[in-house]
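Counting convention: from 1, in listed order, for ligands and their atoms alike.
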Amino acid sequence: MAYVHPRFDAIRATDPEVADLVVAEAEREAGAIRLIASENYASEAVMAATGSVFTNKYSEGYAGKRYYEGQRVVDQVETLAIERAKALFGAEHANVQPYSGSPANLAVYLAFAEPGDTIMGMSLAAGGHLTHGHKVSATGKWFDAVGYGVRKETGRIDLDDVRELALEHRPKILFCGGTAVPRTIDFAGFAEIAAEVDALLVADIAHIAGLVAGGAHPSPIGHAPVVMTTTHKSLRGPRGAMILTDADHASAIDKAVFPGLQGGPHNHTTAAIAVALSEASTDEFAEYAHRIVTNARALGEVLAERGLDLVSGGTDNHLLLVDLTPTAIGGKPAAQALDRAGIVCNYNAVPFDPKPPFNPSGLRLGTPAVTSRGMGPDEMAAIGNWIVDVVEADGDDEVEQRVRNEVTDLVGSFPAPGITL
Ligand code: DSN
């Protein structure tokens, strides 16, 4: 099979070994049902911009204030990305230079906290992110980190609990958002708490940025003065990140990103972010964002009907967290069995997980990528049934092979954007 990509022939001519790996990955991505909640299919235009000549240029600084010459074009592309980000999200300021989500969050800390300060975020075990203060992360080592979780009975964040913890610890920065939160984030509620304890509210919308852009999740703008997002998850851009702020927090963020934390921005990524933001500003993208949620709900309904436990009972957004505690199979073997059957997801801790993080009790499933392929509720029903078949089969080869064959039939009818095989 030939993989057709604007620059693919050049890879083949120069480095057949890498060319073979590109083909293998393209085949893997096109041939599987990809349910990793943080992944997607970038468009061909986004990938072409990522592979463009902007990769050749150094440009430390910001438009009009660079440390190298030859910035006439880079200044335009970065300004274009910034203006598109501001327009799409309604923000007063945007920094599009962070290399990815973790460096972007580090820039937020560098801008607004000192080592030893108290910071507060959702604990990783409950659905947060390493950089929200986990003990193995720099953010947990350099700051006095306090983590909030979810209520055991509901699987949901309880803002009264968050308030109580915030009043007790008085954090300088309060993070909301996470990586395994299946419910709507109440940005207004978090903003009230932040105001009560005089904390800076930071919304990490990496997972839901595409939903926010498309109007399928409330926006944090106007509630959180600082908003961080990656650009490659539901937003469907290249691997990168942005920090959106109000006017008051703009200059501190810009200084923290450069020269505080990073060197030269990845201009090829900036160009691709500009392309992705243009794509995300269309009616078609807004419809896509809503279909992501419809699909996640449809998938959740089948899983629940077939007897699987969903943390919080379902979803409001793009992801589902399946609690396999009551089943015979753990999260990790279940994820491995599903991968063998052509359904790619990740094992994940569930709140109050009795098992360790490397072998936890949950599966995290997300619908951004399958929705990009044009799949809808009927396909979600089929996928949900296959997931339960494989989980219940607990390693049975025949079931996995049967599902693998059915997956192959299904994906053949839904071309993967950006991949031509
Ligand atoms: N690795 C990302 C995710 O899967 O959610 C978070 O950084």
For atom 1 (N) of ligand 1, is some protein heavy-atom partner under 4.0 Å away?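 No, there is none.
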State, yes or no, whether a side-chain contact exists between Phe143 and Lys172 at a heavy-atom distance under 4.5 Å.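 SC-SC contact between Phe143 and Lys172 ruled out.
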Given Gly366, Ser38, Ala206, Gly178, which one has a non-hydrogen atom that is nearest to atom 3 (C) of ligand 1?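 Of the listed residues, Ser38 has the closest heavy atom.
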Establish, yes or no, whether the cationic atom of Lys332 lies under 6.0 Å from the six-membered ring centre of Phe358 and within 45° of the ring axis.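 Cation-pi check for Lys332 and Phe358: passes.
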For Thr179, atoms of ligand 1 separated by under 4.0 Å from a heavy atom: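 Matching atoms, with element in brackets: 5 (O), 6 (C).
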is_close_aromatic(His249, Phe112), centroid dist under 6.0 Å: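 Judged by ring-centre distance (under 6.0 Å), His249 and Phe112 do meet the cut-off.
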Measure the distances from the heavy atoms of His207 to every atom of ligand 1 and state whether one is below 4.0 angstrom.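 Right, His207 reaches ligand 1.
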Atom 7 (O) of ligand 1: which protein heavy atom is closest, and how many Å away?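 That would be His129 NE2, 2.9 Å.
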Taking the inter-plane angle between the rings of Phe190 and Tyr148 on a 0 to 90° scale, is it parallel (under 30°), tilted (30 to 60°) or perpendicular (over 60°)?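 Tilted: the ring planes of Phe190 and Tyr148 meet at 30° to 60°.
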Ligand 1 contact on Arg364 by region, counting heavy-atom pairs under 4.0 Å: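 The answer is the side chain of Arg364.
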Taking Asp323 for its side chain and Gly362 for its backbone only, find out whether a donor-acceptor pair lies under 3.5 Å.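 A pair under 3.5 Å: no.
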